[in-house]
Amino acid sequence: MLDFNNTEIAFSAKSKGELNNAYMLYTVMKYPWIVKFGKWASNIAIKIHFPLNWIVKPTLYKQFVGGETLEECRKIVDHLSRSKVKSTMDFSAEGEQTPAGILATFEETLRSIDNAKGNPNIAYSVFKPSTITRDEVLAKASEKREEMSVDELREFREFRERFMALCRRAYDNDVRILVDAEDYCFQDAIDELTDEAMREFNKARPIVFATLQMYRHDRLPYLQRILDDSIEKNYFPGIKFVRGAYMEEERKRAAEMGYPDPICKDKQATDDNFDAGVAFVMDHIDRMELFMGTHNETSNYKLAKLIDEKGIDRGDDRIYFSQLLGMSDNISYNLAHEGYKVTKYVPYAPVRDVLPYLIRRAEENTSVAGQTGRELRMLQIEMDRRKKKG
Ligand SMILES: Cc1cc2nc3c(=O)[nH]c(=O)nc-3n(C[C@H](O)[C@H](O)[C@H](O)COP(=O)(O)OP(=O)(O)OC[C@H]3O[C@@H](n4cnc5c(N)ncnc54)[C@H](O)[C@@H]3O)c2cc1C
């Protein structure tokens, strides 16, 4: 029976030292002022080129990142696969705005798609569109295209070429690719290109996956539009659901700029929207594929129940559950143990490049109600269980 409280299964792959390290980290992240101070200090350290590896690598990095390179992550991928958890390698270098940096990120993402080819331990490839162009170009292309200069239009064309090249490489390698969702001000341009890529590359099966942030109240109509379009143009959509990672910034920006808040009015409304989206794709599973990225236990129980109620095989490759490396192992390992398809996002990048991702994880664990408490409780139960066992 599926039970996310089974800590023996949840932490079967973790040594005593790893449990202690995780416990210490989550204890520190409980305090918002420490996370705030850490963010401030790391921003300064980056500016003055102060070395950070010695403090970040044995702590946050060790918990949430697979390694600096694909090769370094191989150990973790094998480790996860022994518990029937697949990996989704996520090159997580963010904030790079120079042409050389953007090109390097693009090329590394191509390598990650090649690395996934024919690899039974890798479930998907993934990319974050803002990492292959400049923020300003993406924001203008989404919100003020008519004001773009000739140079910006050229940069946007180059972005489109890179975006399509990643999707084409995934198609050529027969590897599914998730297009991560981002800030509201970038998302229109990302949606437009994702729709285009799905039409081009999903003719035989879903290769390109759109990400829908269900904290946005306009995503169910968008989902319906994707389905209608796929029927009319004859392709198979891939849909990744998340709740959305940028709520505070989105509300603030909407208030400052005087446009309607794009986010659901409260948590319950987001949860209802999320459930409705997942149920919609499950009702159209013969046409669409589903990737559900969440640490919410209720959402995971609900989807598992829905799969069983519909009589769908738990190992059906069209439906994946997903959590981030270092978080909610009680969900991932117990789902995999019960035969459901599970993949962990495995971020990788050098310490300095992955810092924005790590800070987001630390902030999320401080702000997402109950997440840190849940992780600490699970770790404590497992440490006590092992002590008793001797
Ligand atoms: C595998 C994976 C991939 C991901 N990829 C992306 C991605 O591409 N883009 C992205 O933006 N995020 C992504 N995320 C992060 C995700 O969007 C959430 O921020 C994170 O998972 C927390 O939500 P939850 O469903 O796990 O947990 P929960 O704790 O159930 O939900 C917390 C979330 O609910 C929403 N929420 C909280 N309070 C309110 C409120 N008052 N009103 C309205 N809504 C509220 C917010 O979205 C908040 O993050 C990903 C997460 C995972 C696990």
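One-based numbering, in listed order, for ligands and for the atoms of each. Values in this document were obtained by computation on a predicted structure and should not be read as measured data.
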Between R243 and ligand 1, which part of the residue brings a heavy atom under 4.0 Å of the ligand: side chain, backbone, both or neither?
both
With heavy atoms of Y246 as the reference, note each atom of ligand 1 found under 4.0 Å away.
11 (O)
Can you sort out which atoms of ligand 1 are near R251, meaning under 4.0 Å from one of its heavy atoms?
40 (C), 41 (N), 42 (N), 43 (C)
Out of H295, R374, K128, who is nearest to atom 21 (O) of ligand 1 when you count heavy atoms only?
H295
Taking D261 first and then R216, would you say they form a salt bridge - that is, a charged N and a carboxylate O separated by under 4.0 Å?
no
Between K86 and D317, does any side-chain N to carboxylate O distance fall below 4.0 Å?
no
Mind checking salt bridge (Lys or Arg N to Asp or Glu O under 4.0 Å) for E249 and listing every partner two or more places apart, or none if nothing turns up?
none
Which ligand 1 atoms are under 4.0 Å away from a heavy-atom of C264?
42 (N), 43 (C)
Are M327 and L303 linked, directly or through intermediate hydrophobic residues, by side-chain heavy-atom contacts shorter than 4.5 Å (ILVMFWY only)?
no
Check: K117 and D174 side chains under 4.5 Å, non-hydrogen atoms
no
Looking at N296, which atoms of ligand 1 are within less than 4.0 Å of one of its heavy atoms?
26 (O), 30 (O)
Just heavy atoms, cut-off under 4.0 Å: does K240 contact ligand 1 by side chain, backbone, both, or neither?
side chain
Hey, would you say the F91 and F127 ring centroids sit under 6.0 Å apart?
no
Can you confirm, on distance only, whether ligand 1 has an N/O atom lying under 3.5 Å from any N/O atom belonging to A181?
yes
Can you check which of Q268, K267, R216 brings a heavy atom nearest to atom 32 (C) of ligand 1?
K267
Quick note on ligand 1: atoms under 4.0 Å from a heavy atom of Q213 include exactly 10 (C), 11 (O)
Starting from the C-alpha separation in whole Å, work towards a yes-or-no answer on side chain to side chain contact (heavy atoms under 4.5 Å, CB included) for I263 and H217.
CA-CA 6 Å; I263 310 296; H217 46 66; 5.8 Å; no
Can you find an N/O atom of V242 closer than 3.5 Å to an N/O atom of ligand 1?
no
Going by the order shown, which atoms of ligand 1 are within less than 4.0 Å of some heavy atom of T270?
43 (C), 44 (N), 45 (C)
Atoms in ligand 1 flagged as close to A245, the criterion being non-hydrogen separation under 4.0 Å
10 (C), 11 (O), 12 (N), 17 (O), 19 (O)
Assess the pair Y320 and Y124: is the distance between their ring centroids shorter than 6.0 Å?
yes
Taking atom types as modelled and ignoring hydrogens, do the side chains of D183 and Q187 form a donor-acceptor contact shorter than 3.5 angstrom?
no
Provide the number and element of each atom of ligand 1 under 4.0 Å from a heavy atom of T294.
24 (P), 25 (O), 26 (O), 53 (C)
